[in-house]
Protein chains: 2
Amino acid sequence: MKYQKIPEATIRRLSRYSRCLEEMNENGEKVVSSAQLAKKCIVNAAQVRKDLAYFGEFGIRGVGYYVKDLHNNIKKILGSDKEWRMALIGVGNLGSSLLSYKDFLKQNYKIVAAFDIDPPKVIGRVSEKLGKPVEVFHINRIKEVAKERRIEIGLITTPPSEAQGVANMLVEAEVRGILNFAPVQVTVPEGFVVKDVFFTTVLDNLAYLLSN
Amino acid sequence: MKYQKIPEATIRRLSRYSRCLEEMNENGEKVVSSAQLAKKCIVNAAQVRKDLAYFGEFGIRGVGYYVKDLHNNIKKILGSDKEWRMALIGVGNLGSSLLSYKDFLKQNYKIVAAFDIDPPKVIGRVSEKLGKPVEVFHINRIKEVAKERRIEIGLITTPPSEAQGVANMLVEAEVRGILNFAPVQVTVPEGFVVKDVFFTTVLDNLAYLLSN
DNA sequence: CAATTTATGTGAAAGGAGTCACAAAATTGA
DNA sequence: TCAATTTTGTGACTCCTTTCACATAAATTG
Ligand SMILES: NC(=O)c1ccc[n+]([C@@H]2O[C@H](COP(=O)([O-])OP(=O)(O)OC[C@H]3O[C@@H](n4cnc5c(N)ncnc54)[C@H](O)[C@@H]3O)[C@@H](O)[C@H]2O)c1
Ligand SMILES: NC(=O)c1ccc[n+]([C@@H]2O[C@H](COP(=O)([O-])OP(=O)(O)OC[C@H]3O[C@@H](n4cnc5c(N)ncnc54)[C@H](O)[C@@H]3O)[C@@H](O)[C@H]2O)c1
């Protein structure tokens with residue numbers, strides 16, 4: 001298949017397929033058809049095949065896909081075959097719950113440093129919940145520590161008013177990826193990427209659907 | 001304008017506009033043009049106008065939109081002019097951080113009950129963080145309490161393996177809206193709505209963009 | 001080994017969503 | 001009062017995404 005721009009929606013679905021395949025693999029299932037995978041992920045079977053076709057031919061006609069093989073291929077496509085080193089900025093309520101989120105690790109995402117404006121205040125939140133606590137630094141050491149620990153992704157869990165400032169520091173520290181939980185639009189220069197996780201936007205969506 | 005199906009993306013953007021308008025209103029700004037609002041929300045100006053046009057005519061040609069008036073209209077459209085009564089199921093790391101998330105309240109979303117499989121174990125997580133703690137019930141009382149407290153939305157923050165079971169109980173209790181944080185696809189009958197908040201899907205997306 | 005079955009990969013068609021460009025309406029100022 | 005200015009609301013166009021439908025290829029069976 002000749003080159004085409006890949007839709008964002010395709011990438012989101014690949015992530016879903018990946019989770020399903022992981023589960024199937026754990027259940028000892030060897031082979032899966034696009035129809036079965038589609039059903040499990042609640043999408044159209046042709047959609048599954050087309051999504052995969054952007055990246056190559058992974059199936060065998062008349063058979064389907066080898067679960068493990070396809071899973072590996074999708075992980076390679078998504079870049080989740082390598083370990084991603086992350087920093088968390090803002091060790092508050094949400095931040096400390098993310099610090100103890102075990103699923104990140106399972107998925108090859110690792111928080112290797114945390115930052116706050118007041119480390120002594122928040123230190124209890126970290127150690128109280130984990131066997132091996134993540135080190136918490138003062139925010140003004142972010143550039144230095146980010147370099148040293150080869151951080152590639154920053155998670156922003158500060159109050160909204162601080163988010164853009166923190167994003168600027170991350171840019172300064174050449175942390176190219178940002179996952180932003182603070183409900184404000186932050187902007188970064190070309191070459192950097194921000195993705196948002198806005199709970200209330202999804203809630204608004206739900207509220208809209210429920211009232212119509 | 002004659003009736004058309006309204007895109008999901010439009011609803012998501014309305015939610016964004018709403019946040020911006022709220023901020024503008026707090027700053028004492030009275031009038032805003034589609035171009036200004038668009039710039040702030042990082043979208044196209046025609047997009048702003050088209051999104052609003054699905055629901056009526058809110059602007060004045062040659063002038064723009066009255067900030068407060070438009071904000072009220074959008075809140076009415078989204079259904080966020082009323083208070084939504086929510087229950088949280090699974091008072092763990094993430095759940096207890098949501099319980100103390102003040103922004104929900106500001107946005108007219110209110111958690112009026114929490115449920116867990118082991119209330120005594122989790123009770124500390126709630127009261128330790130809040131002035132007026134949310135009551136935690138055993139999960140098997142969900143139907144009874146949901147009716148009594150007129151709950152309309154359920155937040156699922158249990159382990160993934162429990163999510164579908166919890167969703168079934170919410171359906172049983174006629175809670176029509178579900179916001180699911182557990183990284184599995186849950187299904188509900190016609191007439192019910194599930195929206196997902198999957199952190200790792202967004203991370204996967206970020207990882208993909210960073211590795212290409 | 002040929003016929004049958006099964007399920008992929010993909011071109012073509014349909015369906016949605018976003019952008020452009022301009023007529024229409026309100027305001028301002030001379 | 002009327003021309004100039006501003007900015008909305010929207011039809012038409014473009015672009016992107018999803019679905020359909022079928023030729024193609026692998027496997028199986030008699
Ligand atoms: N709590 C939730 O469940 C939840 C849910 C969705 C979104 N959010 C958003 O996530 C963010 C954090 O929420 P929270 O409830 O954890 O707030 P919080 O007040 O508990 O935590 C914020 C933390 O950020 C630190 N901080 C403040 N300024 C900083 C700076 N400049 N640099 C580094 N650290 C700084 C504070 O010391 C504090 O520890 C907010 O933007 C909130 O809107 C929270
Ligand atoms: N911790 C995070 O930051 C984070 C981030 C993203 C997603 N998630 C997801 O959110 C969910 C919760 O994560 P967590 O880290 O808070 O886990 P956790 O183990 O800390 O909390 C789970 C809670 O659910 C309760 N529970 C278990 N089964 C139940 C049932 N049948 N009914 C009611 N309650 C039940 C447990 O008693 C526990 O209190 C998981 O699905 C996780 O994948 C968590």
Carefully, step by step, assess Arg19(A) and Glu22(A) under the rule salt bridge (charged side-chain N to carboxylate O under 4.0 Å, His left out). CA-CA 5 Å; Arg19(A) 274 202 179 266; Glu22(A) 189 168 7; 5.5 Å; no
So which one's nearest nucleotide on DNA chain D is more toward 5', Tyr66(A) or Asp51(A)? Asp51(A)
When the distance from [atom1] of [X] to [atom2] of [N] is rounded to whole Å, what number comes out?
| X | N | atom1 | atom2 | result |
| --- | --- | --- | --- | --- |
| Asn44(A) | dT10(C) | CG | P | 17 Å |
| Gln47(A) | dA7(C) | CD | P | 20 Å |
| Arg61(A) | dT8(C) | CZ | C1' | 5 Å |
| Leu52(A) | dT8(C) | CG | P | 10 Å |
| Lys50(B) | dC20(C) | NZ | C1' | 10 Å |
| Tyr65(A) | dA25(D) | OH | C1' | 13 Å |
| Ile60(A) | dT5(C) | CD1 | C1' | 16 Å |
| Phe58(A) | dG9(C) | CZ | P | 9 Å |

More 5' along DNA chain C: Ala46(A) or Gly62(A), using each one's nearest nucleotide? Gly62(A)
Donor-acceptor side-chain pairing of Thr10(B) and Asp51(B) below 3.5 angstrom: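 Per modelled atom types, Thr10(B) and Asp51(B) side chains form a pair under 3.5 Å.
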Check whether any side-chain nitrogen or oxygen of Arg13(B) sits under 4.0 Å from OP1 or OP2 of dA17(C), and answer yes or no.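 So the side-chain polar atoms of Arg13(B) never come under 4.0 Å of the phosphate oxygens OP1 or OP2 of dA17(C).
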Would you indicate, yes or no, if dA7(C) has its OP1 or OP2 atom less than 4.0 angstrom from a side-chain nitrogen or oxygen of Ser34(A)?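 It does not, given that no N or O in the side chain of Ser34(A) lies less than 4.0 Å from OP1 or OP2 of dA7(C).
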Heavy-atom check, side chain of Thr157(A) versus side chain of Ile89(A), under 4.5 Å: no
Looking at dG9(D), dT10(C), dG18(C), which one has an atom nearest to any side-chain atom of Ala9(B)?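 In terms of side-chain proximity for Ala9(B), the closest of dG9(D), dT10(C), dG18(C) is dG18(C).
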Among dT27(C), dA17(C), dT17(D), which nucleotide sits nearest the side chain of Pro7(B)?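 Closest of the options to the side chain of Pro7(B): dA17(C).
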Rounded at 0.5 Å granularity, tell me how far OG in Ser96(A) sits from CG in Leu94(B). 10.5 Å
Main-chain N/O of Gln36(B) paired with Ser33(B) side-chain donor or acceptor, under 3.5 Å: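 A pair under 3.5 Å: yes.
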